[in-house]
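The structure appears below as structure tokens.
Predicted, not measured: the structure shown is a model, and the values here were computed from it. Side chains are part of it too, since the values below use all heavy atoms of this structure and drop only hydrogens, waters and symmetry mates.
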Amino acid sequence: LSDELKGKGISAGKFYIEEGANGKDNKLVVYLISEKDYSGDLKFKVVNKDGLELGRTTLKVNRKAGDAGYEDVVFDERTDIESRSTITVY
């Protein structure tokens, strides 16, 4: 998570990758926690171990202080998140 999002009271707990309908690992499931009210976009970017970008997507959220729960972040169906990929949230 970016420092900007942390400053707005957003943090993340457990996360994992799931297989989409097409058999590729293109869905990130993340537990989001809001310490403050937050309404806006969270942007996600996946980069493989060699630094090559694999995908980007945006999740619209509207949370009140104290809210927490799992969110499904689905990338383009052609995205295949590799085991050593880095996912940035900003």
Side-chain angles (χ1 to χ4, degrees):
L1 283 169
S2 70
D3 289 339
E4 179 183 354
L5 288 176
K6 289 176 186 175
K8 292 180 179 180
I10 301 293
S11 61
K14 181 179 174 82
F15 65 92
Y16 56 93
I17 306 300
E18 281 189 350
E19 187 176 284
N22 64 355
K24 293 191 179 208
D25 292 336
N26 70 324
K27 181 164 75 170
L28 169 68
V29 180
V30 60
Y31 190 80
L32 290 177
I33 305 158
S34 300
E35 299 299 327
K36 302 176 186 176
D37 290 353
Y38 181 81
S39 182
D41 292 341
L42 299 180
K43 297 180 181 184
F44 295 79
K45 179 170 72 170
V46 180
V47 177
N48 73 7
K49 64 181 171 112
D50 298 320
L52 183 65
E53 185 173 325
L54 302 176
R56 289 185 194 202
T57 194
T58 301
L59 177 69
K60 294 187 182 305
V61 295
N62 186 11
R63 294 181 169 264
K64 298 291 184 196
D67 284 352
Y70 284 99
E71 295 284 349
D72 292 339
V73 182
V74 181
F75 291 85
D76 182 281
E77 65 183 21
R78 294 165 288 196
T79 301
D80 195 12
I81 302 170
E82 300 167 356
S83 62
R84 291 178 47 192
S85 295
T86 301
I87 300 173
T88 305
V89 186
Y90 56 100

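- Across all their heavy atoms, R78 and N22 have their closest contact at N-ND2, 4.5 Å.
- One distance of note links CD1 of I81 with CD of E18; it measures 10.5 Å at 0.5 Å rounding.
- Y38 places a side-chain heavy atom less than 4.5 Å from the side chain of V61.
- Atom NZ of K49 is separated from atom CZ of R84 by 5.0 Å, given to the nearest 0.5 angstrom.
- Between E71 and Y31 the shortest side-chain heavy-atom distance does not fall below 4.5 Å.
- Taking CD1 from I10 and CG from L42, the interatomic distance works out to 6.0 Å, rounded to the nearest 0.5 Å.
- The two atoms that bring V30 and V73 nearest to each other are CG1-CG2, 4.1 Å, heavy atoms only.
- Cluster annotation: V89 and I33 are assigned to distinct hydrophobic clusters (Ile/Leu/Val/Met/Phe/Trp/Tyr, side-chain heavy-atom contacts under 4.5 Å, transitive).
- Atom NZ of K27 sits about 14.5 Å away from atom OG1 of T79, to the nearest 0.5 Å.
- With a 4.5 Å cut-off on side-chain heavy atoms, Y70 and Y16 count as touching.
- Panel note: side chain K45, backbone T86; no donor-acceptor pair is recorded below 3.5 Å.
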Inset, instruction - Give the intermediate values and the outcome of side-chain contact (heavy atoms from CB on, under 4.5 Å) for residues T57 and D76. - result: CA-CA 8 Å; T57 194; D76 182 281; over 6 Å; no

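- Nearest heavy-atom pair across R63 and S34 is CD-OG, 2.9 Å.
- N26 contributes a side-chain N or O that, together with a main-chain N or O of F75, makes up a donor-acceptor pair within less than 3.5 Å.
- Nearest approach of A12 to L32, heavy atoms of both residues: CB-CD2, 4.5 Å.
- Here the closest heavy-atom approach between residue L59 and residue D72 is recorded as CD1-O, 4.1 Å.
- Note that CD1 of I17 is 8.0 Å distant from OG of S85, once rounded to the nearest 0.5 Å.
- Remark: the backbone N or O of L52 is not paired with any side-chain donor or acceptor of D50 at under 3.5 angstrom.
- Checked by atom type and distance alone, the side chain of D25 never pairs as donor or acceptor with a backbone atom of D80 at under 3.5 Å.
- F44 places none of its side-chain heavy atoms less than 4.5 Å from the side chain of V46.
- Residues D37 and K64 approach most closely at OD1-CA, 3.3 Å, considering heavy atoms.
- Between K8 atom NZ and S2 atom OG the span is 8.0 Å, to the nearest 0.5 Å.
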